[in-house]
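Sequence lines set the chain letters: A, B, ... in the order given, protein chains first and strands last, and positions in each chain run from 1.
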Amino acid sequence: MSAESPASGAPAAPTDFIRDLVAADVAAGRHARIITRFPPEPNGYLHIGHAKSICLNFGLAREHGGICHLRFDDTNPAKEDIEYVESISRDVQWLIAGWADHCLGLKPRGATPAPAPGSGTPDYHLAAAPAGAGEREAFFASDYFEALHAYAVELIRRGKAYVCDLTPEETDAYRGAPDQPGRDSPFRNRSVAENLDLFARMRAGEFPNGARSLRARIDMASPNVWLRDPLLYRIRHTAHHHAGNRWCIYPLYDFAHCLSDYIEGITHSICTLEFEVHRPLYDWILQSLDLPRPLPHQYEFAKLNISYLVFSKRRLLQLVEDNLVAGWDDPRMPTLSGARRRGIPAAAIRRLASLVGVTKYDSLTDLALFEHAIREELNPLALRRLAVLRPLKIVLTNLAPGEEIACTATNNPQDPAPTTRPLALTRELFIEAEDFAEVPPPKFFRLKPGGEVRLKYACIISCQEVIKDAAGQVTELRCTADLTTRSGQPNADRKVKGTLHWVSATHGVPAEVRLYDRLFTVPEPAASGDFRDHVNPRSLETVTAVVEPALAAAQPGDYLQFERLGYFVPDSKDSAPGRPVFNRTVSLKDAWTPKPPTRA
RNA sequence: UGCCCGAUGGUGUAAUGGUAGCACAAACGACUCUGACUCGUUUUGUCUAGGUUCGAGUCCUAGUCGGGCAGCCA
C-alpha cells in the first residue's frame, strides 16, 4: 500500500470511506488479492464521470498490489456496438497509462469461464491472464452467457426462479407502486419441472420477444421494488455484437452483474449510488446459489458532477446528433476522447479524481477545480512559445528593414535546467491587439500612446505614433526599441510595468487557433428546461494567429503554453505537417479583474 | 407520501467521541522579462431541536432539506 508521492505527478490520494473499507478487509486478511472491476456497457463513449470510477477502481488495485478487470457489461445487444468497445478500451488505456497499466486485468483472448465440477452447482471461474502470457482481451459479460444460464437453471431447481407469462404491461401492473405492495404473478407457483421445460424452450427460441420471462421468486410485497420478483432473463431475438447469434434470451443487469463479479473473483464491486437499492438483490442472487468461493460485495459512491458540463449519455448523444458539437471527440465534449483532443493530460484527470474524493454526497464540483488540475499538470510540462492571436502591427522605426536582433527565449522556466531557443526581433512585428489601448483603463500595464513595455525576451519599446485607417481603427503602431535594455546589455534590468508577447512579422507563420470556452452558459445546464437552450454560442472561436517559427513543427501530443494566453496543443485530427492547427486547452489564470472591453 | 441514502465555509473534502484542517474559489500583499508560476495574509463552515457524555461535526431520537428507487435499460 503506497501513497502516491507528489513527485510522481499527482498529489497523495486522500483516503475515503471505500478505501478505508478495503484497507480494513486487507488488514483482516480477507482476500488473497484485491480485484476490482470497471464494467461499462459498450453503448456510448466514456466521459470524465467514468474517469472517477476508473481512478477509484484502478487506484484501489494499485494501492493494494491487486488488479482491476476491464469488463464489458454487454447484456443488452439492442443498445450496444463494437464501436464502443473499441473506443472504451482505448480511453481506459489512455487514462491509466504510466500509472496503473500494470493493474489492468485482461483475460486470455477467447477464454470463457470453465466450470469446476463441484458437489452442487458447477463453479464457474475465469481469472485474468498475466501480461506477456499470450494475447489478451477485456472481459465480457456475454462470455458468461453459458455459465449464467446454468446458474439460472440452478435457481429454478431450487425453487427460487420461475417462468412468467405475464406481458410487460401486466408485469408492470402486478409490481404495484413504491408505496403499494405488488401482487403475485399467477405463474409464480409453477412446478420446477414445468419451469425447467419452459426455460429450455425459451432458450430454444420457441417464443417471441416479451412472451415470457424468467423471474426471481422473492417477495411481491417487499418495500424495495427491486425485490418484487425481478426479471432475470428476457427474450430478445437479436444477434449480439460479441456473442453472435447463439442466444435469443439475454440476462438482465441484476442477474448478470453479481454473477459476473463472482465468476471473475471480484472482491469489491464498486458502483454509483443509484444501485444502492439493488444491493439486496445482488446479495440475494449470490446467496441463493450456495456458491463455493467467497462472494463479492457491492459498495456505492456518488457520481461526479462538474459545473458547466453535462455527463448523461442521453444528453451527450443529443449534442452529437443535433450537431451542437462536431462529434464525440469534439474538444468541448466532456468525453475522454474530447478531453484528450483538447490537450488535457490523463494525469490531470487523475489529479481531479483525487481532488474531488469519494463520498456518498451528491455534489457539484466547481469547473475551476478541474481547470486548476489541468494547469497544475501542464505548467511543468508545457513548452513556452510566443503566438499572437489577434495581431496588431508594430513598426520599430529605429531598426533597419532586414535588420535582425538575436534574442534567446526560455522553453520552460519551471525546468530546473531550462533550455532555450533563438528568436529574431525585426523591424516589423505583431503584438496582441488587446495589449494596446489608446485610452487605457486604470492599471493598464500594457502599451499606450507614449508608453513603454518590454517585449518578452527582447527589449523595451516605446510607442511614438498611432496609425489609424479611415474608419478610425488602429492599424499600426510606430515605436522605438531601446536596444540597451536587451538581456546582457547595460540597461537589461530596467523595469517597466508590462511585458508583452510578440511575433516577428517576417518570421512568424500563420496558424489556425481554436479557442474553446465552456460549452454551457449556466452552471447546471440540465437543472431545468432543455439543456440545449444553454449551449454557449461562443464556445468555439477560431482565429488565424501568427505564431513563432518553432511552432510550425509542433506535433500532436506536444503540450504548449502560448505565453500570457494559455495552454495549447496541436489538434490531432486537423493538423498537417508544417501546418498545425492549435486547440486551446485552458487559458492561464487571469488575476487582472478590470478586463479590457475587447475581452470576452 | 412506502423504502433506501445523504447533509461540515461560495465549492469539493478531512477530522473514525478529545484543538474543526486541507484544496479550489475570492480578496489583499510580496516577487516577476508571462497580470502566469511561487510565496505570504485574510474572509467564510459542522441543517434544526432535544438527548447521551467530563467532552458531540462524530453516538441516539425527532424534524428540516436534498437525492435515489416502480425498464423485459445499465
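- Checking the phosphate oxygens (OP1, OP2) of B/G71, a side-chain nitrogen or oxygen of A/R175 falls inside 4.0 Å.
- The phosphate of B/C33 has OP1 or OP2 within less than 4.0 Å of a side-chain N or O from A/K495.
- Note on A/R384: a base of the nucleic acid sits closer than 4.0 angstrom, heavy atoms only.
- Annotation: B/U8 and B/G21 have their C1' atoms spaced 11 Å apart (nearest Å).
- Syn is the glycosidic conformation of B/G71, whose angle stays within 90° of 0.
- The distance from atom CG of A/L455 to atom C1' of B/U34 is 13 Å, rounded to the nearest whole Å.
- Distance from the side chain of A/T499 is smallest for B/U34 among the nucleotides B/U34, B/G68, B/C72.
- Within a 6.0 Å radius of NZ in A/K303, no more than 12 heavy atoms belonging to other residues, nucleotides or ligands are found.
- The residue among A/V496 and A/L364 whose nearest nucleotide of RNA chain B is located toward the 5' end is A/L364.
- Between A/A368 and A/T485, it is A/A368 whose nearest contact on RNA chain B lies nearer the 5' terminus.
- Distances from the side chain of A/S213 to the nucleotides B/G2, B/C24, B/C72 place B/C72 closest.
- Under the Watson-Crick or G-U wobble criterion, with both distances below 3.5 Å, B/U41 is paired with B/A27.
- For B/A74, the OP1/OP2 oxygens have a side-chain nitrogen or oxygen of A/T75 closer than 4.0 Å.
- The residue A/V225 sits close only to the backbone: its heavy atoms come under 4.0 Å of sugar-phosphate atoms, none of a base.
- Listed nucleotides B/U1, B/A23, B/U34 differ in distance to A/L355; the shortest reach to its side chain belongs to B/A23.
- Within the 4.0 Å cut-off from OP1 or OP2 of B/U34, not a single side-chain nitrogen or oxygen of A/K589 is found.
- Among A/F72, A/F140, A/F139, the one residue that satisfies the ring-ring contact (aromatic ring centres under 6.0 Å, His included) test with A/H242 is A/F140.
- B/G35 has its base stacked against the ring of A/F445, the centroids being under 5.5 angstrom apart at an interplanar angle below 30°.
- Side-chain N or O atoms of A/N224 include one that pairs as donor or acceptor with a backbone N or O of A/V277 at under 3.5 Å.
- Taking atom P on both B/A23 and B/C39, the two are 10 Å apart, rounded to the nearest angstrom.
- Across the strands present, B/C3 finds its partner in B/G68; the criterion is a Watson-Crick or G-U wobble pair with both atom distances under 3.5 angstrom.
- No engagement by A/N224 is indicated, since no non-hydrogen atom pair under 4.0 Å with the nucleic acid exists.
- Salt bridge A/E548/A/R421: present, at least one basic N to carboxylate O contact under 4.0 Å.
- For A/W226, whose side chain is taken as the heavy atoms from C-beta onward, the closest listed nucleotide among B/C69, B/G2, B/C37 is B/C69.
- Here A/G210 lies in heavy-atom contact (under 4.0 Å) with a base.
- Annotation: B/U41 and B/A49 have their C1' atoms spaced 39 Å apart (nearest Å).
- Residue A/Y233 is tested with A/Y253, A/Y250, A/F199 for a ring-ring contact (aromatic ring centres under 6.0 Å, His included); the sole match is A/F199.
- The nucleotide whose nearest atom lies closest to any side-chain atom of A/E41 is, among B/A74, B/U16, B/U8, B/A74.
- At B/C73, one or more side-chain N or O atoms of A/R234 fall inside 4.0 Å of OP1 or OP2 (strictly under the cut-off).
- Between the P atoms of B/C59 and B/A15, the separation comes to 12 Å (whole Å).
- In this structure, A/R236 reaches the B/C73 phosphate: one of its side-chain N or O atoms is under 4.0 Å from OP1 or OP2.
- In this structure, the aromatic ring of A/Y253 is not positioned over the six-membered ring of the base of B/A74 within 5.5 Å between centres and 30° between planes.
- Here the nucleotide nearest the side chain of A/W592, chosen from B/A74, B/G35, B/C33, is B/G35.
- Spacing between B/U46 and B/U52 at atom P, rounded to whole Å, works out to 23 Å.
- Residue A/S363 places at least one side-chain N or O under 4.0 Å from the OP1 or OP2 atom of B/U13.
- Under the Watson-Crick or G-U wobble criterion, with both distances below 3.5 Å, B/G50 is paired with B/C60.
- With B/C73, B/A70, B/C4 as the choices, the nucleotide that has an atom nearest any side-chain atom of A/D172 turns out to be B/A70.
- Pair check for B/U32 finds none; no Watson-Crick or G-U wobble contact set falls under 3.5 Å.
- Here the separation of B/A7 from B/U58, taken at their C1' atoms, is 13 Å to the nearest Å.
- Each of B/U34, B/A74, B/G68 was ranked by its minimum atom distance to the side chain of A/V277; first place goes to B/G68.
- Between B/G57 and B/U48, the two P atoms lie 11 Å apart (nearest whole Å).
- Phosphate contact (OP1/OP2 of B/U13, side-chain N/O of A/T359, threshold under 4.0 Å): present.
- Separating the C1' atom of B/G45 from that of B/G9 is a span of 4 Å, rounded to the nearest Å.
- Electrostatic pairing of A/R37 and A/E264 does not count as a salt bridge here, judged by no charged N lying under 4.0 Å from a carboxylate O.
- Between the A/S307 side chain and the A/L367 main chain, a donor and an acceptor come within less than 3.5 Å of each other.
- Between A/R564 and A/E432, none of the side-chain N atoms (NZ, or NE/NH1/NH2) sits under 4.0 Å from a carboxylate O, so this pair counts as no salt bridge.
- In summary, A/E41 and A/K79 do not engage in a salt bridge, as defined by a charged side-chain N under 4.0 Å from a carboxylate O.
- Checking the phosphate oxygens (OP1, OP2) of B/G35, a side-chain nitrogen or oxygen of A/R564 falls inside 4.0 Å.
- Across B/C72, B/A36, B/C33, the shortest atom-to-atom separation from the side chain of A/L252 is found for B/C72.
- Phosphate contact (OP1/OP2 of B/C3, side-chain N/O of A/R279, threshold under 4.0 Å): absent.
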